[in-house]
Amino acid sequence: MKLQSMYCPYCGGNIKVDFEDVQKSCFCIHCGQQIIIDDEVTKTEHKEILVDQAKIQKELVSLEKKKIEFEEKKREERFAIIAFFVFIGILALVIIFACLAPSQNI
């Protein structure tokens with residue numbers, strides 16, 4: 001019986017593995033993840049972690065895109081409000097000047 005201590009690559013828990021008794025894999029007693037073992041050298045399947053990291057990265061990119069879209073929409077709304085008030089101001093000035101201009105009777 002050749003027990004060797006190793007750490008689970010998924011949860012970091014300390015596990016003891018009997019390399020003479022283990023076929024090609026074992027399970028972590030802490031998190032239950034399968035750990036692939038080959039030629040008495042511990043190799044782990046990081047596929048699940050990589051998939052999870054890829055999903056997280058995809059979500060982060062999606063959130064960043066949504067944040068940028070939201071900021072652009074806010075900027076466009078602010079511009080529209082400013083443009084509206086500028087238009088109203090110019091219109092008011094035109095009306096005031098039209099009322100104050102001397103009328104010319106021929």
Side-chain angles (χ1 to χ4, degrees):
M1 186 174 213
K2 182 181 177 185
L3 285 179
Q4 184 175 348
S5 180
M6 62 181 272
Y7 293 99
C8 173
Y10 300 99
C11 70
N14 190 5
I15 56 175
K16 301 228 185 271
V17 179
D18 180 5
F19 285 102
E20 292 176 356
D21 190 37
V22 168
Q23 299 294 327
K24 291 189 176 191
S25 67
C26 66
F27 292 90
C28 175
I29 60 171
H30 304 286
C31 68
Q33 288 289 332
Q34 184 177 18
I35 302 170
I36 305 300
I37 302 191
D38 186 26
D39 296 330
E40 294 187 17
V41 176
T42 58
K43 293 183 179 178
T44 59
E45 286 287 330
H46 296 288
K47 187 183 295 182
E48 290 180 22
I49 289 177
L50 293 176
V51 168
D52 290 342
Q53 288 174 345
K55 286 180 183 177
I56 291 169
Q57 188 65 29
K58 185 177 178 181
E59 288 296 320
L60 288 174
V61 169
S62 176
L63 287 174
E64 190 64 29
K65 285 181 181 178
K66 288 179 182 179
K67 179 181 173 185
I68 291 170
E69 289 172 1
F70 177 75
E71 289 172 356
E72 287 177 0
K73 187 175 179 180
K74 272 178 54 176
R75 209 170 325 148
E76 289 172 359
E77 288 174 355
R78 275 188 247 137
F79 178 76
I81 291 170
I82 291 170
F84 174 75
F85 283 112
V86 168
F87 173 75
I88 295 296
I90 292 172
L91 185 62
L93 287 174
V94 168
I95 292 172
I96 290 171
F97 283 124
C99 291
L100 294 178
S103 59
Q104 299 178 0
N105 291 333
I106 306 178

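Computed from heavy atoms alone, side chains included, the values below leave out hydrogens, waters and symmetry copies. Note that the structure is a prediction, hence the values are computed from the model and not measured.
Applying the side chain to side chain contact (heavy atoms under 4.5 Å, CB included) test to E69 and every residue at least two apart in sequence or in another chain returns nothing. Residues meeting the side chain to side chain contact (heavy atoms under 4.5 Å, CB included) test with L63, sequence neighbours left out: none. Checked against side chain to side chain contact (heavy atoms under 4.5 Å, CB included), E77 has the following partners two or more places apart in sequence or in another chain: K73.
Under the 4.5 Å side-chain contact rule for hydrophobic residues, F87 and I81 share a cluster. Both I88 and I95 belong to a single network of hydrophobic side chains, linked directly or stepwise wherever heavy atoms of I, L, V, M, F, W or Y lie under 4.5 Å apart.
Note that the SG atom of C11 and the NE2 atom of H30 stand 6.0 Å from one another [nearest 0.5 Å]. Interatomic distance, I96 CD1 to L91 CG, rounded to the nearest 0.5 Å: 10.0 Å.
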